[in-house]
Amino acid sequence: FEELSGLPVELDLRLTHDFPAGVQAQLIRIVQEALTNVRKHAQAGHVRIAAWEDGEDTLIEVADDGRGFSPADSVAAARFGLRGMRERAESVGAEFQVTSCPNGGTTIHLRIPLCVGVNP
C-alpha cells in the first residue's frame, strides 16, 4: 500500500493469537477496504494500522490524518465501502465502528472476541 499510494504507513502489531483462516481473510479484506478508502477519499498524509489484544478481545484500528467526513457528507462509494466492512465484521462476530469528523481524520475500529472461530 505504501509503495502504491505514496502514503507512509505506521504498523503497530502486537498479537499472539491466531484466528481461523476464514476469519483472517475477512479481517484482511476489511483492512484492505479501509486502506482503499484512505487512498481514494481521505487526502491523508499518514496511515496507522494497529492490532493488539485487550483482555478477551483483539482490537484492530486503521487510522488516517486525512480530511475526515461527517455522515451527512460521505460520498456514496465510501458509504458502500463502509457498509461492506460492517457486513464482513458482523459475519465473523466482530464489532465495527467508524469515527470521523471533518478535517480530523478517520479511524476504523474492530473488536473481535478471541474465541471467534473456536468450537466449544
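All residue numbers refer to positions in the sequence shown, counting from 1. These numbers come from the heavy atoms of this one structure, side chains and all, not from hydrogens, waters or symmetry mates. From a predicted model like this one, the values you see are computed outputs, not experimental measurements.
Residues passing the side-chain hydrogen bond (donor to acceptor under 3.5 Å, both in side chains) test with Asp65, sequence neighbours excluded: none. Contacts of Asp18 classified as salt bridge (charged side-chain N to carboxylate O under 4.0 Å, His left out), with partners at least two apart in sequence or in another chain: none. Residues passing the side chain to side chain contact (heavy atoms under 4.5 Å, CB included) test with Asp54, sequence neighbours excluded: Trp52, Leu59, Arg111. The side-chain hydrogen bond (donor to acceptor under 3.5 Å, both in side chains) search around Arg39 returns none, not counting sequence neighbours. Taking Ile28 as the reference, Gln32 meet the side chain to side chain contact (heavy atoms under 4.5 Å, CB included) condition, with sequence neighbours excluded. Residues forming a salt bridge (charged side-chain N to carboxylate O under 4.0 Å, His left out) with Arg48 (at least two apart in sequence, or on another chain): Glu10, Asp12.
Note that CZ of Arg67 is 9.5 Å distant from OG1 of Thr106, once rounded to the nearest 0.5 Å. Atoms OG1 and CD, on Thr99 and Glu61 in that order, are 7.5 Å from each other to the nearest 0.5 Å. One finds the CD atom of Glu90 at 7.5 Å from the CD atom of Glu87 (value rounded to the nearest 0.5 Å). Rounding to the nearest 0.5 Å places CD of Gln24 at 11.0 Å from CD1 of Ile112. Once rounded to the nearest 0.5 Å, the distance linking CZ of Arg86 with CD of Gln97 reads 8.5 Å.
Considering every non-hydrogen atom in both Pro8 and Gly45, the closest pair reads CD-O, 3.2 Å. When all heavy atoms of Ile30 and Met85 are compared, the pair lying nearest together is O-SD, 3.5 Å. Of all heavy-atom pairs between Phe19 and Pro113, the closest is CE2-O, 3.4 Å. For the residue pair Leu13 and Ile49, the shortest heavy atom distance occurs at CD2-O, 4.3 Å. Taking each heavy atom of Gly105 and Ser100 in turn, the nearest pair found is O-OG, 3.1 Å. When all heavy atoms of Gly55 and Leu114 are compared, the closest pair comes out as O-CD1, 3.6 Å.
A chain of hydrophobic side-chain contacts below 4.5 Å, direct or via other Ile, Leu, Val, Met, Phe, Trp or Tyr residues, connects Leu11 to Ile60.
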Practice problem: Would you sort out whether Val116 and Thr58 count as a side chain to side chain contact (heavy atoms under 4.5 Å, CB included), showing the intermediate values? | Solution: CA-CA 10 Å; Val116 164; Thr58 294; over 6 Å; no
Practice problem: Take Val62 and Leu110 through the test side chain to side chain contact (heavy atoms under 4.5 Å, CB included) and record every step on the way to the result. | Solution: CA-CA 9 Å; Val62 180; Leu110 290 167; over 6 Å; no
Exercise. Could you walk me through whether Asn37 and Asp64 pass the side chain to side chain contact (heavy atoms under 4.5 Å, CB included) test, one step at a time?
Key: CA-CA 10 Å; Asn37 285 347; Asp64 69 66; over 6 Å; no
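Under the 3.5 Å distance criterion, the side-chain polar atoms of Glu53 are matched with a main-chain donor or acceptor of His17.
In this structure the side chain of Leu35 never reaches within 4.5 angstrom of the side chain of Leu7, judged on heavy atoms. Annotation: side chain of Phe1 is in contact with side chain of Val47 (closest heavy-atom distance under 4.5 Å).
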